[in-house]
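This one's a predicted model, so the numbers in the text were calculated from it and none came from an experiment. Note that ligands are numbered from 1 as they come in the structure, with each ligand's atoms numbered from 1 the same way.
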Amino acid sequence: MEASELKTFIQGIPKAELHLHIEGSFEPELMFQIANRNQIAMDYDSVEALKKAYNFNNLQEFLDIYYTGAQVLIHERDFYDLTWAYLTKVHDQNVVHVEVFFDPQTHTERGIGFDVVIKGIYSALERAKKELNISYKLIMSFLRHLSEEEAFKTLESSLPFKHWIDGVGLDSSEVGNPPSKFVNVFKAAAGHGYKLVAHAGEEGPADYIWEALDLLNVVRIDHGNRCLDDDNLVKRLLDKNIPLTLCPLSNLELKVIQRMEDHPVSKMLEKGLLATIHSDDPAYFGGYMNENYYATAKGLDLSKDQLMQLAINAFEASWLDPETKALRISEVKNYFNP
Ligand code: ADE
Ligand code: ZN
């Protein structure tokens, strides 16, 4: 298929996004706008100068810039505008279901109230449900470079808003901060009815994926690239049908892979793993859902069947109720085989 034809085709696929950090959807233009109205000085003179800094050799270099960018978010309206901008963007890309991460500690550490953060995000998600017909789930992530005690405080702060939150996740600097560090807080989160996911095997080893499964009891692995290093782990992921939420452009930008041709997702599909594709931090990595699908399809020369499998897998791996899941999957099948 020609490039433009493939792009048009991808645009039309009904899509689900399951791995998206709302703070990672903060486009430089909106960042400057919010910084101005909050009278916060930016470290960069212009949008162009800021974009030039988006050149990362690893996860930590990215995280340093990502946490700095988030510092201009102060008021409920800021979190609302950030979330609404993301939702209108992906609505234009025919994304019909989102499961969004937010990092409360990135904000509460700066003295912003948990309530301010979640109210802004929640209002935008509710508006999108009504006006854009986008269904959603919300996932609160613990920052793994902080202590388990800090995560416990965050869990406590979340309880008044428990009815708005579907799950907890684990993100930030992976190497040196294994899932085992958060066993107790994940257990407590499960006790409050939260579903559990964790980033594992992005830069960290396959062992961290084992830990996320065996010690944290997660139902989904975010990234999980490194699982192919371990045949027994692949078997375990297959046996339990554990989804892997992959982020190809993120992997390329953070040098988890050197070329898109090396991305593990086609090998994962060959093995029958429940692999899915998402954008992670689209404002920083050069693309939202369509761009991730396109770069992956092109880099790995994916067939239409593989593209269909990826789109189906995302709904399969979602936390939608069984009826809606089946409906969305049938819409994907109809799109591919009208
Ligand atoms: N926070 C935002 N994006 C992340 C990623 N790709 N890995 C870990 N933590 C993150
Ligand atoms: Zn992520």
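Ligand 1 is never approached by G24 to a heavy-atom distance shorter than 4.0 Å. Assignment of D103 to the shell around ligand 1 is not supported, since no heavy atom sits closer than 4.0 Å. Heavy-atom distances between R144 and ligand 1 stay at or above 4.0 Å for every pair. Residue F62 places a heavy atom under 4.0 Å from ligand 1.
Closest protein heavy atom to atom 9 (N) of ligand 1: S172 N, 2.8 Å. With respect to atom 3 (N) of ligand 1, the closest heavy atom belonging to the protein is D281 OD2, 2.7 Å. Among all non-hydrogen protein atoms, the one lying nearest atom 6 (N) of ligand 1 is D280 OD2, 2.6 Å.
Between Y80 and H75, the ring centre distance reaches or exceeds 6.0 Å. Under the 6.0 Å cut-off for aromatic ring centres, F62 and Y284 qualify, their centroids lying closer than that. Aromatic ring centroids of H21 and H199 lie under 6.0 Å apart. Here the two rings, on F9 and Y335, have centers that are under 6.0 Å apart.
The closest non-hydrogen atom to atom 5 (C) of ligand 1, taken over E202, H19, E174, comes from E202.
Residues N313 and A275 approach most closely at ND2-O, 3.0 Å, considering heavy atoms.
Salt-bridge check for K51 with E29: passed, with a basic side-chain N closer than 4.0 Å to an acidic carboxylate O. Ion pairing between R236 and D214 holds under the 4.0 Å rule for side-chain N and carboxylate O.
Between the Zn ion (ligand 2) and H199 there is an N/O/S contact shorter than 2.8 Å. Backbone or side-chain N, O or S atoms of D171 do not reach the Zn ion (ligand 2) at under 2.8 Å. Among the backbone and side-chain atoms of H21, an N/O/S atom is found under 2.8 Å from the Zn ion (ligand 2).
The nearest N/O/S atom of D280 to the Zn ion (ligand 2) is OD1. Sorting the N, O or S atoms of H19 by how far they are from the Zn ion (ligand 2) puts NE2 first.
The environment of K325 atom NZ is dense: over 12 non-hydrogen atoms of other residues, nucleotides or ligands sit within 6.0 angstrom.
Counting only N and O atoms by type, the side chains of E17 and Y136 include no donor and acceptor under 3.5 Å apart.
Contacts of H223 with ligand 1, taken as heavy-atom pairs under 4.0 Å, involve the side chain alone.
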